[in-house]
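Chain A is the first sequence line, chain B the second, and so forth, proteins listed ahead of strands; every chain is numbered from 1.
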Amino acid sequence: MTTQTPARVRFAPSPTGVMHIGGLRTALYDWFLARKTGGQFILRIEDTDRNRYDPDAEWHIKESLQWLGLDLDEGPDIGGPYAPYTQSERLALYADAAEKLIDSGDAYYDDTQPDELAALRQRQQAAGQAPGYDNRGRHRTPEQIQDSRDRGLDVVVRFRVPDHGELQIEDEVRGRMKFDLSLLQDFVILKSDGYPTYHLAHVVDDHEMSITHVIRGEEWIPSAPRHVLIQQALGIPTPKYVHVPLITAQNGAKLSKRHGAQSALEYRDAGYAPDAVLNYLALLGWSPGDDTEVMTRNEIASRFEIGRILSHPAKFSAEKLEWMNQQHIMKADDDALADMMMPFLERPEEDGGFLDEIDRPVDRDVVKAMVPVLKERIKVLPDAVALLDFLFVEQVEPNAEEMIGRRMDAEMVLTALNASIEALTKVDPFTSDEIEAALRGLTSTTGLKAGQLFTPIRVAVTAKRIAPPLFESIEVLGRERTLDRLRKGLDAFETYLESAGE
RNA sequence: GGCCCGUUCGUCUAGUGGCCCAGGACACGGCCCUCUCAAGGCUGAAACAGGGGUUCGACUCCCCUACGGGCUACCA
């Protein structure tokens with residue numbers, strides 16, 4: 001493998017709500033790049049918007065990263081050489097930068113008030129002009145600014161954008177992008193509450209923290225020139241920009257809740273394996289270059305390349321995620337899978353679980369024994385509940401009518417049940433192989449076909465038409481309980497015949 | 001409206017001028033296997049947005065158009 005310089009990348013979410021899969025995918029790419037290059041994956045909380053700040057969001061972000069297994073090298077809780085990692089604790093840094101820019105003439109204090117800005121915008125729109133700041137705050141005198149301050153008016157710091165010129169920015173996935181500076185207005189870098197805007201904070205922090213790659217969504221492309229302008233004015237280098245494509249809903253629009261967009265934790269609660277979500281999301285906007293799709297996190301990390309990130313948006317597909325989840329479940333270790341299933345089996349119905357009547361606590365050994373045959377039959381973890389419930393109840397109540405399978409009559413059901421009771425009484429050892437041999441042997445003695453023989457047994461034992469493989473199920477259920485259910489099934493069937501027949 | 005980014009099967013994608021009358025995967029149909037359901041195997045239908053160039057040769061390079069999306073805040 002080619003050696004690469006270690007990348008320092010940060011995931012820098014704004015704690016304003018739950019973490020959606022779009023943000024998650026960005027975090028993924030950060031993590032892959034850091035792990036592939038032996039660099040650092042850093043979490044930085046961008047809480048500079050006091051109005052939209054949501055205290056639960058930060059917890060949600062960290063919980064999501066942890067669930068996905070995106071381990072941090074530096075961050076708010078674990079610290080690091082560039083602490084603190086929360087922007088609201090780094091205000092002095094931004095104020096210093098703003099002051100520096102004012103001193104150099106690249107920024108200025110502006111006391112244009114919000115209502116004046118709104119009126120300006122209104123006028124522009126009425127006149128059919130593009131709405132935007134008209135740089136009216138340039139050339140304010142220190143006295144005017146001081147006067148506004150004394151009167152309690154808002155004062156911000158704006159960056160002075162050159163009136164003309166073209167700015168070229170190199171993007172790692174899109175190549176060279178060109179921007180006409182005459183179209184860009186002076187923009188706020190320090191708000192009237194003393195907090196920086198994203199533009200200033202991003203540039204200052206990414207430089208302070210020696211970030212090498214800024215990986216972010218493509219919605220940031222339009223503001224990239226602002227960032228480069230600040231960097232140039234501050235005399236600091238421009239990091240590599242990696243603008244990743246959006247993940248969209250089926251209609252191509254930005255993902256939102258009503259399109260089925262879910263937070264990471266909702267996928268956790270719905271029974272998805274973190275590796276499957278990781279794998280699926282990684283493939284939305286990136287591919288290893290060949291036909292490989294199902295990969296472990298380490299495989300993805302080692303194969304990850306920024307140059308292979310796509311430049312167009314991808315639509316999210318719940319179906320393919322389900323398929324991916326099943327693929328990972330099939331490959332998973334039996335023990336690990338049993339552990340993953342337990343919470344769903346233990347979860348009572350009122351908490352979103354499926355069954356109220358199963359006996360708890362659920363015997364993990366029983367679950368583990370069924371895992372091998374369950375793997376290829378479930379798409380999400382909770383699917384296991386409906387397949388296993390018959391093992392965790394004292395009695396089942398089979399529907400006698402369902403015992404009569406296709407191309408069968410009542411006589412066959414009686415034959416199958418009676419013969420199986422006799423055969424299973426003698427099977428030894430009571431293992432699925434022996435059980436299968438004994439039951440299959442019945443096809444020659446009874447003249448029944450396999451389907452005709454097994455359907456009544458399945459329904460009597462599991463009370464289901466669709467159930468896990470019969471022989472394994474019987475082995476796990478045990479001889480006594482199986483025989484008991486077969487006998488009761490026989491009784492039930494005879495009762496059914498009497499009531500239905502005459 | 002302006003600016004920016006994008007456009008290969010329904011969806012995710014491979015494809016970096018000839019290997020492509022375009023390959024894989026999901027979903028869908030058929031067949032096989034089979035104790036139900038799955039899983040698996042085989043198989044079918046399904047795409048280079050349109051138009052101009054450049055070239056001996058364009059899915060691949062350039063331009064235009066169309067369409068889609070993003071941005072256009074003292075939000076990120």
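A cation-pi arrangement, defined by a distance under 6.0 Å to the six-membered ring centre and an angle within 45 degrees of its axis, is present between Arg226(A) and Phe187(A). Annotation: cation-pi geometry not satisfied between Arg138(A) and Tyr108(A) (NZ/CZ under 6.0 angstrom from ring centroid, within 45° of ring axis).
Using a 4.0 Å heavy-atom criterion, one finds that Ala450(A) contacts the sugar-phosphate atoms exclusively. Here Gly405(A) lies out of heavy-atom contact (under 4.0 Å) with every strand. Across all strands, Leu310(A) comes closer than 4.0 Å only to sugar-phosphate atoms, never to a base (heavy-atom distances). Looking at heavy-atom distances under 4.0 Å, Lys178(A) makes contact with sugar-phosphate atoms alone, never a base. Within the nucleic acid shown, Met177(A) comes within 4.0 Å of sugar-phosphate atoms alone, with no base atom in reach, counting heavy atoms only. Among the protein residues, Ala467(A) comes within range of the nucleic acid bases, having at least one heavy atom under 4.0 Å from a base atom. Residue Phe187(A) is classed as having no contact, given no heavy-atom separation below 4.0 Å to the nucleic acid. Among the atoms of the strands shown, only primed sugar atoms or phosphate atoms (P, OP1, OP2) are found under 4.0 Å from some heavy atom of Gln326(A). Base engagement by Leu470(A) is indicated by at least one non-hydrogen atom pair under 4.0 Å involving a base atom.
Rounding to whole angstrom units, NZ of residue Lys379(A) and C1' of rC37(B) are separated by 12 Å. Rounding to whole angstrom units, CZ of residue Phe316(A) and C1' of rA27(B) are separated by 15 Å. One atom, CG of Asp291(A), and another, P of rC12(B), lie 17 Å apart when rounded to the nearest Å. In this structure, CG of Leu284(A) is placed 8 Å from P of rC12(B), rounded to the nearest angstrom. Atom P of nucleotide rC37(B) and atom CG of Asp383(A) are separated by 16 Å, given to the nearest angstrom. Between Glu472(A) atom CD and rU36(B) atom P the separation is 14 Å, expressed in whole Å. Going from atom CH2 of Trp286(A) over to atom P of rA14(B) covers 10 Å, rounded to whole Å. When rounded to the nearest whole Å, the span between CZ of Arg458(A) and P of rC37(B) equals 8 Å.
Across rG40(B), rC37(B), rA25(B), the shortest atom-to-atom separation from the side chain of Trp323(A) is found for rA25(B). Residue Glu319(A) places its side chain closer to rC26(B) than to any other of rA38(B), rG24(B), rC26(B). Out of rA38(B), rU11(B), rC35(B), the shortest distance to the side chain of Arg377(A) is found at rA38(B). Side-chain atoms of Lys315(A) lie closest to rC12(B) of the nucleotides rA38(B), rC12(B), rU36(B). In the set rC3(B), rU8(B), rU36(B), rU36(B) carries the atom at the smallest distance from any side-chain atom of Pro469(A). With rC35(B), rU13(B), rA38(B) as the candidates, the nucleotide lying closest to the side chain of His312(A) is rU13(B). Closest to the Arg308(A) side chain, of the nucleotides rU13(B), rA14(B), rC4(B), is rA14(B).
Phosphate proximity of rC12(B) to Ser317(A): absent, as no side-chain N or O sits under 4.0 Å from OP1 or OP2.
Side-chain contact between Leu486(A) and Ser420(A) is present, with at least one heavy-atom pair separated by less than 4.5 Å. Within the 4.5 Å cutoff, the side chain of Val459(A) has no heavy atoms near those of the Lys464(A) side chain. Side-chain atoms of Pro196(A) and Val204(A), non-hydrogen and from C-beta on, never get closer than 4.5 Å to each other.
A 3.5 Å limit on both hydrogen-bonding distances identifies no Watson-Crick or G-U partner for rU55(B). Checking rG6(B) for Watson-Crick or G-U wobble geometry (two distances, each under 3.5 Å) identifies rC67(B) as its partner. Remark: rA46(B) base-pairs with no nucleotide in the shown strands. Criterion, Watson-Crick or G-U wobble with two distances under 3.5 Å. The partner of rG40(B) is rC32(B), by the rule that a Watson-Crick or G-U pair needs both atom distances under 3.5 Å. Taking a pair to require two hydrogen-bonding distances under 3.5 Å in either a Watson-Crick or a G-U wobble arrangement, rC21(B) remains unpaired.
Put simply, the side chain of Lys320(A) and the base of rA25(B) share a donor and an acceptor less than 3.5 Å apart.
Atom CD1 in Ile329(A) sits 9.5 Å away from atom NZ in Lys379(A) (nearest 0.5 Å).
Tested against Tyr29(A) for a ring pair (Phe, Tyr, Trp, His ring centres under 6.0 Å), the candidates Phe11(A), Phe304(A), Trp286(A) yield a single pass: Phe304(A).
For the pair Arg90(A) (side chain) and Pro84(A) (backbone), a donor-acceptor distance under 3.5 Å is present.
Across the interface with RNA chain B, nearest-nucleotide mapping of Ser287(A) and Arg465(A) shows Ser287(A) to be the residue nearer the 5′ end. Looking at which nucleotide of RNA chain B each of Gly128(A) and Gly285(A) is closest to, the 5′-most match is held by Gly128(A).
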Legend entry - Footprint string (nucleotides 60-76 of chain B, 5' to 3'): B base within contact, S backbone only, - free, heavy atoms under 4.0 Å: ---------SBS--BBB

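A salt bridge is defined here as a Lys NZ or Arg NE, NH1 or NH2 lying under 4.0 Å from an Asp or Glu carboxylate O, and Glu299(A) with Arg303(A) fails to meet this definition.
Rounded to a whole angstrom, the distance from the C1' atom of rU60(B) to that of rU13(B) is 16 Å.
Classification of the Tyr280(A)-Phe316(A) ring pair by plane angle, with boundaries at 30° and 60°, yields perpendicular.
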